[in-house]
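All remarks here apply to the structure that follows.
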Amino acid sequence: EDQWSFGAMTTEKQDDSKVTTTKTALERCHEARQVWLNAKSQEDLDQAEALYKSALNAKSVKKSGGNKRQKYAELSPQEYRKAGERLSLLYCQSGRTATAKKGLDYLGFTCRLAKQVLDYPL
């Protein structure tokens, strides 16, 4: 069974050139976090977003019963949730609260900090 999907959150056109696909989904999450924490430009934030999206959408194929193949999320449920929370926070901080709300609703959040707390001018 698939884990929750950030499908609606990740359907925006994504520049895959910002993502190194030879890395595992978890490695992309770690890289996204470092890029985000050290961001000095919008381009850095865009790269962090692309890495999180790529990690959340990463699937691996496993054989099950006979020759049947199934796709599974590459991240564990806990890793997937953490990446989803961070992507949602990135959306909130960049003024895309409607996009963030979809993921936050799925995660079971019933409230969040106000826009003035999360998305303020520097």
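What you see is a predicted model, and the numbers here were worked out from it, not measured in a lab.
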Measuring from [X]:[atom1] to [Y]:[atom2], what's the distance to the nearest 0.5 Å?
| X | Y | atom1 | atom2 | value |
| --- | --- | --- | --- | --- |
| Leu107 | Glu85 | CG | CD | 5.5 Å |
| Leu87 | Lys82 | CG | NZ | 15.0 Å |
| Leu90 | Asp46 | CG | CG | 8.5 Å |

Margin query: I want to check something: taking the side chain as every heavy atom from C-beta on, are Tyr91 and Thr97 in contact at a cut-off of under 4.5 Å?
Written below: no

Check: Would you call Leu75 and Cys29 a side-chain contact if the rule is heavy atoms closer than 4.5 Å?
Finding: yes

Next item on the list: Take Gln47 and Glu31, measure what side chain to side chain contact (heavy atoms under 4.5 Å, CB included) needs, and give me the verdict at the end.
Entry: CA-CA 10 Å; Gln47 181 184 8; Glu31 183 180 351; 3.8 Å; yes

Are the side chain of [X] and the backbone of [Y] linked by a donor-acceptor contact shorter than 3.5 Å?
| X | Y | value |
| --- | --- | --- |
| Arg28 | Lys23 | yes |
| Ser54 | Ala50 | no |
| Tyr80 | Leu56 | yes |

Presence of salt bridge, [Y] and [X], under 4.0 angstrom:
| X | Y | value |
| --- | --- | --- |
| Glu74 | Lys59 | no |
| Lys101 | Asp105 | yes |
| Glu49 | Arg86 | no |

Next item on the list: Considering non-hydrogen atoms only, spot the tightest contact between Asp44 and Val35 and give its length.
Entry: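 Reported closest heavy-atom pair: O-CG1, 3.1 Å.
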
Next item on the list: Would you name the heavy atoms of Leu104 and Ser88 that are closest together and state the gap between them?
Entry: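 Looking at all heavy atoms of both residues, the closest pair is CD2-CB, 3.7 Å.
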
Next item on the list: Tell me, please, which residues at least two apart from Glu79 pass side chain to side chain donor-acceptor pair (under 3.5 Å).
Entry: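 Once residues adjacent in sequence are excluded, the partners of Glu79 under the side chain to side chain donor-acceptor pair (under 3.5 Å) criterion are Ser76.
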
